[in-house]
Amino acid sequence: RDVIRTANSVGMSIREVKRALHTVFQGRRSDFDLERIARTETHQASEGGAYLAILGDPDSTHKRWVTSRDQVVRGEQTGETRADHVGMDNEIVPKDARFRDPVSGALLRFPGDADGAITGADVINCRCTFLTESKEFIDRDAAWSRRDTFVSQSQKTVKDASSQFLVDMEARMIARLDALRRRKSA
């Protein structure tokens with residue numbers, strides 16, 4: 001964990017973390033294992049830090065799970081039977097609630113959350129992330145209601161402004177025509 005903490009604080013790449021872990025494990029792990037550990041632990045630290053940050057943000061009321069949306073995301077399309085991140089894609093929960101993996105039953109505070117994992121498949125090599133959301137953007141019914149009200153108010157405002165513009169334009173045209181008539185008769 002010290003290697004990961006240092007790596008995050010100085011901005012080390014996965015390759016650099018892997019090299020540092022190689023020193024810690026003194027060759028007792030394969031390169032594949034070291035890279036998997038580096039990627040998984042770095043991801044967990046990054047997502048965990050983001051999670052802690054949103055807890056203190058009053059504007060963020062919810063969070064949305066987002067996968068990498070490619071062919072290797074854990075789920076039915078990859079034949080994964082231990083976890084389903086595809087099934088969690090776009091799931092929205094309150095910011096202090098947990099995402100639920102529909103296959104493993106894991107309750108994760110954020111992607112990579114080892115504390116909520118049931119199996120390694122819940123977190124190992126996970127590339128998912130989460131987005132923060134505010135309640136007003138989530139409540140679609142209220143949003144559509146506000147949109148309809150806004151559109152109707154805007155239409156009324158535009159209609160009123162257009163009517164006033166036409167009245168003013170008519171008055172200006174009458175004034176110009178009157179001025180032209182006076183010049184001609186003078």
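The figures that follow rest on heavy atoms only: side chains count, while hydrogens, waters and symmetry mates do not.
- Ile174 and Leu180 sit in two unconnected hydrophobic clusters of ILVMFWY residues. Membership requires side-chain heavy atoms under 4.5 Å apart, directly or through other members.
- Residues that satisfy the side chain to side chain contact (heavy atoms under 4.5 Å, CB included) test with Arg98, not counting sequence neighbours, are Leu107, Arg109, Asp113.
- Sorted by first and then second residue, the ring pair (Phe, Tyr, Trp, His ring centres under 6.0 Å) pairs with a member in residues 81-109 read Trp65-His85, Trp65-Phe99; sequence neighbours excluded.
- Ile118 shares a hydrophobic cluster with no other residue; no ILVMFWY side chain has heavy atoms under 4.5 Å from its own.
- Taking the side-chain hydrogen bond (donor to acceptor under 3.5 Å, both in side chains) definition, one finds that Thr67 meets it with nothing, sequence neighbours left out.
- In terms of heavy-atom proximity, Ala106 sits nearest to Ala117 at CB-CA, 4.2 Å.
- Remark: Arg182 pairs with no residue by the salt bridge (Lys or Arg N to Asp or Glu O under 4.0 Å) rule, at least two apart or across chains.
- When side chains are defined from C-beta on, Val93 does not count as touching His62, because their heavy atoms never get closer than 4.5 Å.
- In this structure, the side chain of Lys63 engages the main chain of Ala97 through a donor-acceptor pair within 3.5 Å.
- How far OG1 of Thr61 is from NZ of Lys95: 7.5 Å, rounded to the nearest 0.5 Å.
- Asp101 contributes no side-chain N or O that, together with a main-chain N or O of Ala83, makes up a donor-acceptor pair within less than 3.5 Å.
- Every side chain to side chain contact (heavy atoms under 4.5 Å, CB included) that Ala50 has, sequence neighbours left out, goes to Phe130.
- Evaluation of the side-chain hydrogen bond (donor to acceptor under 3.5 Å, both in side chains) rule for Arg183 yields no partner, not counting sequence neighbours.
- In this structure, the side chains of Val103 and Arg82 stay at 4.5 Å or more apart for every pair of heavy atoms.
- In this structure Thr40 satisfies the side-chain hydrogen bond (donor to acceptor under 3.5 Å, both in side chains) test with no other residue, sequence neighbours excluded.
- Residues meeting the side chain to side chain contact (heavy atoms under 4.5 Å, CB included) test with Arg127, sequence neighbours left out: Ser68, Asp70, Val72, Val73.
- Put simply, Ile54 and Phe110 are part of the same group of oily side chains (I, L, V, M, F, W, Y) that touch within less than 4.5 Å, one to the next.
- Residues in residues 49-59 take part in these side-chain hydrogen bond (donor to acceptor under 3.5 Å, both in side chains) pairs, two or more places apart or across chains: Asp57-Ser60.
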When you look at Val123 and Gln44, which way does the side chain to side chain contact (heavy atoms under 4.5 Å, CB included) test go after all the steps?
CA-CA 8 Å; Val123 295; Gln44 180 182 17; over 6 Å; no

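- For Asp89, the salt bridge (Lys or Arg N to Asp or Glu O under 4.0 Å) criterion is met by Arg69, not counting sequence neighbours.
- Minimum interatomic distance between Cys126 and Pro111 (heavy atoms only, all atoms of both residues): SG-CB, 4.1 Å.
- The NE2 atom of His43 lies 6.5 Å from the SG atom of Cys128; values are rounded to the nearest 0.5 Å.
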List the steps and the verdict of side chain to side chain contact (heavy atoms under 4.5 Å, CB included) for Arg64 and Asn90.
CA-CA 6 Å; Arg64 176 189 307 263; Asn90 270 327; 3.2 Å; yes

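- Under the 4.5 angstrom side-chain criterion for Ile, Leu, Val, Met, Phe, Trp and Tyr, the cluster partners of Val66 are Leu131.
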Just do the side chain to side chain contact (heavy atoms under 4.5 Å, CB included) check on Ile124 and Arg74 with the steps written out, would you?
CA-CA 10 Å; Ile124 294 173; Arg74 287 188 176 94; 4.3 Å; yes

